[in-house]
Amino acid sequence: MLEGLLTGQSAGFQIVPEKSVAGRTLMMLVSIMTFLSCVTFGGVVLVQQSAVAWSADVGREVTIQIRPIEGQVMDSNLRVAIELAEATEGVSRAYALSDEEGEALLEPWLGEVDLSGLEVPRLVVVQLSDPARADFATLASHLAEAVPGATLDTHALWRQQINAMAGTVVVAGLLVLALILIATALAVVFATRGTMASNREIVDVLHFIGASNRFIAAEFQGRFLSIGLKGGAIGGVGAIVFFLAAGFVTGTVLPDPSATQLTILFDRFLPGFGGLLGLVALVLVIAVLTAATSRLTVYRFLTRIAP
Amino acid sequence: MIEFDDVGLRYGYGPEILRDLSFRISPGSFHFLTGPSGAGKTSLLRLLLLSLKPSRGRIEMFGENVSALARDRLLEMRRHIGIVFQDFRLLGHLTTFENVALPLRVRGQPLEEYRANVAELLEWVGLGDQMNVHPELLSGGEKQRAAIARAVIAKPDLLLADEPTGNVDPELSDRLLRLFVELNRMGTTIIVATHELGFLKRFNFPRLSLNEGRLVSDA
């Protein structure tokens, strides 16, 4: 029905043959290009979403590190640091990590070793109610005055690096996407030329019976838009299946540590509702790109050949 | 309706295929276009079909100087002309009905408007029971009649036919010629390119005779 509407079948019958080798080739090509575009786009969205989530998570906490100093009582310093933190604007809560919790943080790097003989710095986790209003400069100066050996870590450098990394990946992904779209347009030009050459007899007969170039281009454009939409839909559905399968693999097939790492990095390995809308939009863009490119090519072909 | 004034035609930088053609064809007339192979009959038909422009001279058709017309206007003017090709040029993926209806479809008419007319014409040319058949299943004579039906369905002012009886037996070619005569009586100007002397003698219509690209007589 869609094709009928697009190709003017409602006016009687379809002039451009529905099935041809060139048409099938073009549909396969559009499917593959759409799949690659969607996977690239989905990957970019995943990285971008994850980077935002990581940055937001880290941004909701800061850490006070207190080094053991001879002559200082650690518990007393911890209490003062907590009081100073909780008195700071924008802070909701502050608490000290226990020795066991501190050792657990070091375990991935040092392994299961007994740290009781070592003087390990203690950490105070400061949770923020409003990161934008938190006055880190005042807290840092109060800590420097009242708690010897205390330093405030706002994770700003780490967040800056993660944002730079995510930005680089997003820009690179968008460049790849642009290159795929350009390659798609070029491939459509060649496929359209092939289709027009193989349908030359139809074009000649239409010219001889008085069809205008606009009429002929519209007949072919409907066919190409239909191919673009079908190919785009196949590629788009393929990409969604790919993401679902990747999510399934990370959730069930991969061994636990690997799955955990991926889950931490990319949550459910799905680009989310916004990402899915983006994929649908991308399919439509590719369909329209196919139709527009082919129309231009058809017009050029028609003006080049003798009427 | 058609006026050629000192028309010449050459392809590229080659020699002139048609030379110094000057003649006039009145509306509603019937002409045979004759001459030996290579005399330039098909080239002259292509000029009349507006698919070629003359290298020199002036051609006036339907009141317009076609030598000076823009390409789009030429395509529009073709709607006044019906053409029957020697090799039929039916589209293989369309049925007989669809092939014949093509000129009306191109003019933007909806199916409901032309369905009955096309069916009636196909009955008239004896293809009423072959409407839904594809050209590959039609005989030479049936293809020829389908091609003629396609050429006349839109009631052209001018009908051009290039050796329309070249592929059919004598009995059928006689019927096809009578069909052209019938169309002519209904007001269509007809030019039939043929080298069959039998027709020329039996149907006493004026002739445009070509030899080596020149008009040798205008009876």
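Computed from a predicted structure; not experimentally measured. Quick note on labels: first sequence line is chain A, next is B, and so on, each numbered from 1.
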Given heavy-atom pairs under 4.5 angstrom as the criterion, report whether the side chain, backbone, both or neither of [X] touches chain A.
X       : value
L104(B) : neither
R115(B) : neither
L49(B)  : side chain

Starting at [atom1] of [X], measure out to [atom2] of [Y] and round the result to the nearest 0.5 Å.
X       : Y       : atom1 : atom2 : value
S212(A) : R73(B)  : OG    : CZ    : 13.0 Å
F208(A) : L160(B) : CZ    : CG    : 11.0 Å
H207(A) : L50(B)  : NE2   : CG    : 12.5 Å

Contact summary for [X] and [Y], nearest pair of heavy atoms:
X       : Y       : answer
G210(A) : R79(B)  : O-NE, 2.9 Å
L94(B)  : Q14(A)  : CD2-O, 3.5 Å
V205(A) : R150(B) : CG1-NH1, 3.6 Å
E201(A) : L90(B)  : OE2-O, 3.8 Å

>> Under the criterion side chain to side chain contact (heavy atoms under 4.5 Å, CB included), I'd like the reasoning laid out for R78(B) against I209(A): C-alpha separation, chi angles, the key distance, then a yes or no.
In response: CA-CA 6 Å; R78(B) 267 209 196 125; I209(A) 61 172; over 6 Å; no
>> For a 4.5 angstrom cut-off between non-hydrogen side-chain atoms, does V16(A) reach H93(B)?
In response: no
So with a 6.0 Å cut-off around [atom1] of [X], is the heavy-atom count from everything else above 12?
X       : atom1 : value
Y11(B)  : OH    : yes
E212(B) : CD    : no
R56(B)  : CZ    : yes
M131(B) : CE    : yes

> Among pairs that include at least one residue of residues 115-137 of chain B, which meet ring-ring contact (aromatic ring centres under 6.0 Å, His included), considering only residues two or more places apart or in two chains?
Replying inline: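 Qualifying pairs: none.
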>> Taking ring-ring contact (aromatic ring centres under 6.0 Å, His included) as the cut-off, I'd like each qualifying pair that reaches into residues 37-67 of chain B, sequence neighbours left out, listed once.
In response: F62(B)-H80(B)
>> For I216(A), which atoms come within 4.5 Å of any heavy atom of chain B: side chain, backbone, both, or neither?
In response: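 Neither the backbone nor the side chain of I216(A) comes within 4.5 Å of chain B.
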>> Please evaluate residues E98(B) and I15(A) with respect to the criterion side chain to side chain contact (heavy atoms under 4.5 Å, CB included), reporting the C-alpha separation (whole Å), side-chain torsions for both, the decisive distance (0.1 Å), and the verdict.
In response: CA-CA 9 Å; E98(B) 290 166 345; I15(A) 293 174; over 6 Å; no
> What's the verdict on side chain to side chain contact (heavy atoms under 4.5 Å, CB included) for R105(B) and F215(A), showing C-alpha distance, side-chain angles and the deciding distance?
Replying inline: CA-CA 10 Å; R105(B) 168 89 162 72; F215(A) 175 89; 3.8 Å; yes
